[in-house]
Amino acid sequence: MLHNHWNTTLYEGQHGFVWQYGEDLLNLLSPQVGDRILDLGCGTGQLTDKIATHGAEVMGIDHSPAMIEKARQNYPHLRFDIADARNFQVEQPLDAIFSNAALHWVKEADAVVSCIDKALKSGGKFVAEFGGKGNIKAIVQALQDALMELGYNSPGTINPWYFPSISEYATLLEKQGLEVTYATLFDRPTPLEEGSTGMANWLQMFFTSQFLTELSSTQQTKVIQAVEERLQPVLYKDGRWWADYRRIRVVAIKHR
Ligand code: BEZ
């Protein structure tokens with residue numbers, strides 16, 4: 001189960017790539033002055049702020065109270081609320097919903113898409129990027145193997161994230177009545193922080209602190225070391241760790 005207690009200092013200090021890559025996605029959003037836009041899964045608010053600089057009326061929501069608290073501190077002039085992507089509502093229909101690196105955390109994608117559809121106005125646009133099919137394949141495999149070796153898991157059972165293929169996600173959007181105008185799935189090997197601790201920090205931030213909360217910190221460290229050992233030959237290059245990210249990007253329009 002997702003623990004939803006995030007270390008925002010670690011997130012902002014060492015995982016800035018999360019929103020730095022997302023800046024590119026803003027071109028697909030193309031926010032216009034006065035557009036009403038929701039940033040779904042806004043984290044600590046960096047991209048919400050970027051959207052606001054285009055003159056849009058933007059609001060960020062996130063499931064994590066810690067992220068929202070940090071976003072409010074970072075950008076006190078913007079509106080941020082705690083909300084669940086599976087069950088959110090907006091006061092007035094939106095011109096666009098934007099989401100970067102968030103939707104892979106929500107397995108109930110049909111509930112998310114239904115909320116998105118309800119929140120958009122006719123002609124409104126959904127623009128998202130998140131982990132797609134095959135995302136962090138080597139990391140997931142190493143986690144499975146390490147957890148099994150340490151006696152915490154049985155084969156093939158680690159799958160806490162939602163990483164859909166294009167056809168799977170486009171079908172979901174179309175079933176909801178949205179028109180998919182753009183979809184792509186691509187590899188984006190992503191450099192983690194320089195030096196030897198990048199993978200341990202990534203695993204701590206995004207896996208052990210979320211899914212292995214019942215283990216002691218010594219046990220968590222053992223898991224992390226076992227994963228690092230397995231990944232070293234494939235994901236440690238030129239003095240740093242890399243995450244084997246694959247992104248799905250979509251744009252869909254509501255016509256009704
Ligand atoms: C991702 O951005 O693809 C991701 C981040 C943390 C955990 C899983 C996937």
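Both ligands and their constituent atoms are indexed starting at 1 by order of listing.
- In this structure, a donor-acceptor pair under 3.5 Å is present between the side chains of Q219 and S216.
- If you check which protein heavy atom lies closest to atom 5 (C) of ligand 1, you get Y245 OH, 3.7 Å.
- A side-chain donor-acceptor contact under 3.5 Å links T44 and E12.
- Distances below 4.0 Å separate heavy atoms of W202 from the following atoms of ligand 1: 5 (C), 6 (C), 7 (C).
- Of the protein's non-hydrogen atoms, N135 ND2, 3.7 Å is the one closest to atom 9 (C) of ligand 1.
- The shortest contact between atom 4 (C) of ligand 1 and any protein heavy atom is with H104 NE2, 3.5 Å.
- Each of Y21, W241, W242 was compared with T190 under the side-chain contact (heavy atoms from CB on, under 4.5 Å) criterion, and only Y21 meets it.
- The closest protein non-hydrogen atom to atom 2 (O) of ligand 1 is R247 NH2, 2.8 Å.
- Heavy atoms of M205 stay at 4.0 angstrom or farther from ligand 1.
- Counting only heavy atoms from C-beta outward, the side chains of I37 and E57 never approach each other to under 4.5 Å.
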Step by step, would you call F206 with W161 a ring pair (Phe, Tyr, Trp, His ring centres under 6.0 Å)?
CA-CA 11 Å; F206 294 119; W161 299 289; 8.6 Å; no
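- A heavy-atom distance below 4.5 Å is found between the side chains of L25 and F98.
- A donor and an acceptor atom, one from each side chain of S114 and K118, are located under 3.5 Å apart.
- Contact atoms of ligand 1 toward W105: 6 (C), 7 (C) (distance under 4.0 Å to a heavy atom of the residue).
- Remark: minimum distance from atom 6 (C) of ligand 1 to any protein heavy atom is reached at F206 CG, 3.4 Å.
- Residue F207 places every heavy atom at 4.0 Å or more from ligand 1.
- Under 4.0 Å from ligand 1, the heavy atoms of W161 that appear belong solely to its side chain.
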